[in-house]
Amino acid sequence: FPSHDITGLPDSWTYVAAGSTHTCGINASQLYCWGKNTSGQLGDGSNLDSLVPQLVVDGIDNDIDYINEAQKYCNAKVLDINTEKVEGKYDVIILGDILEHLPYPEKFLSSLKDNLNTDGSIIISLPNIVNLYPRIKILLGNFDYEDKGIFDRTHMRFFTRKTFKEMIFNTGYEIEKLEYTPIPVYVAFPKVPKYIMDPIYYLFHLGTVIWPTLFAYQFVARIKCKK
């Protein structure tokens, strides 16, 4: 790839390493790669060559099987976030159903301020323990753990909208946007015909809009450091 064919290059680089078929460079604490991508070496989750520098995505998990699968799509590595510190700076950090699995999510969330670039944000999703389903289940005297969902047996912490907001505020962040997801009825009842589930899903979606603390299955928030 001749240099004059490359488009979208930043004005300056901290470090550049050129291989035989692709090149990577660090600019403003961010890693970009471009060139041949037949083995996914650009880290953009595809096998498509690119003459435009691709921002590299990193992923972490404490399960080697998940990491092996994730490495097909991004730069993934094993990391125990309970005991090890996340390295690097990012514009966006995604915590998709992560915090409820930690014994001290406040400590971890607070530590991530060191990993955000200026105006960087964190996207968080976690389940609503006072959703309609848990309320009915507990009302009937049951708090049995399950293999997945809100009562997933690996969950260590449970959140309402109020306690979710308190955790964000108390760890030095502010909420930019808060949204809600309805109960995933299609996943809960996969064998029921779609024409039956569609109106049920619509009602749960409407309920989530009108009364999110009762009908929301998950809270999804974009947060930033307080200014």
Side-chain angles (χ1 to χ4, degrees), residues 8 10 26-32 43-45 52-61 70 73-76 79 81-82 84-132 134 149-150 152 155-184 187 201-202 204-227:
I26 296 176
N27 171 266
S29 300
Q30 294 179 319
L31 176 64
Y32 294 82
D44 63 351
V52 178
Q54 300 296 310
L55 182 61
V56 175
V57 176
D58 295 332
I60 59 174
D61 200 284
Y73 310 100
C74 68
N75 291 326
L79 187 76
I81 57 178
N82 286 308
E84 300 176 88
K85 183 173 176 55
V86 176
E87 301 293 339
K89 290 277 191 177
Y90 300 93
D91 291 320
V92 180
I93 297 175
I94 300 176
L95 302 177
D97 297 347
I98 297 295
L99 297 180
E100 66 270 24
H101 296 271
L102 305 179
Y104 304 106
E106 298 88 352
K107 180 180 179 181
F108 174 66
L109 190 58
S110 180
S111 72
L112 290 180
K113 292 197 287 288
D114 296 333
N115 301 102
L116 286 175
N117 285 320
T118 303
D119 292 326
S121 60
I122 300 176
I123 298 175
I124 303 171
S125 68
L126 49 73
N128 172 24
I129 188 57
V130 290
N131 173 275
L132 180 63
I150 294 176
D152 188 307
H155 287 180
M156 304 184 72
R157 294 286 295 273
F158 299 91
F159 295 91
T160 66
R161 182 174 65 175
K162 177 176 179 290
T163 58
F164 180 35
K165 287 183 174 181
E166 287 176 347
M167 177 178 65
I168 292 171
F169 179 80
N170 292 336
T171 51
Y173 296 92
E174 59 187 9
I175 297 176
E176 281 198 318
K177 190 173 185 180
L178 179 60
E179 296 186 347
Y180 312 93
T181 66
I183 296 174
V187 177
Y201 176 81
Y202 173 78
F204 277 120
H205 184 274
L206 183 62
T208 300
V209 173
I210 298 172
W211 195 347
T213 54
L214 178 63
F215 287 97
Y217 186 75
Q218 285 183 312
F219 305 124
V220 183
R222 184 176 68 226
I223 67 175
K224 282 190 173 183
C225 295
K226 290 180 184 176
K227 295 181 179 179

Restricting to side chain to side chain donor-acceptor pair (under 3.5 Å), what partner residues turn up for H205, sequence neighbours left out?
none
Sub-4.5 Å side-chain heavy-atom contact between M167 and Y173
no
Value rounded to 0.5 Å, distance of OG1 in T171 from CD1 in I223
6.0 Å
I'd like to check P103 versus N82 (side-chain heavy atoms, cut-off strictly below 4.5 Å). Are they in contact?
yes
Taking side chain to side chain contact (heavy atoms under 4.5 Å, CB included) as the definition, give me every residue that meets it alongside D114, ordered by chain and number, with sequence neighbours left out.
K85
Please name all residues satisfying side chain to side chain contact (heavy atoms under 4.5 Å, CB included) with R157, sequence neighbours left out, ordered by chain then number.
P105, E106, F159
Nearest-0.5 Å distance, CD1 of residue I129 to NE2 of residue H155:
9.0 Å
Residues at least two apart in sequence or cross-chain that pass side chain to side chain contact (heavy atoms under 4.5 Å, CB included) with T208, listed by chain then number, are Y180, P182, F215, A216
Whether the D97 and Q218 side chains hold a donor-acceptor pair (N or O, under 3.5 Å, no angle test) is what I'd like checked.
yes
Between the side chain of N115 and the main-chain N/O of K89, is any donor-acceptor distance below 3.5 Å?
no
The criterion is ring-ring contact (aromatic ring centres under 6.0 Å, His included); which residues satisfy it with Y104, sequence neighbours excluded?
none
Short question: side chain of K177, backbone of A221 - any donor-acceptor pair under 3.5 Å?
no
Among residues at least two apart in sequence or on other chains, which ones pass salt bridge (Lys or Arg N to Asp or Glu O under 4.0 Å) with K226?
none
Does the N131 side chain pair with the main chain of T213, one donor and one acceptor, at a distance under 3.5 Å?
no
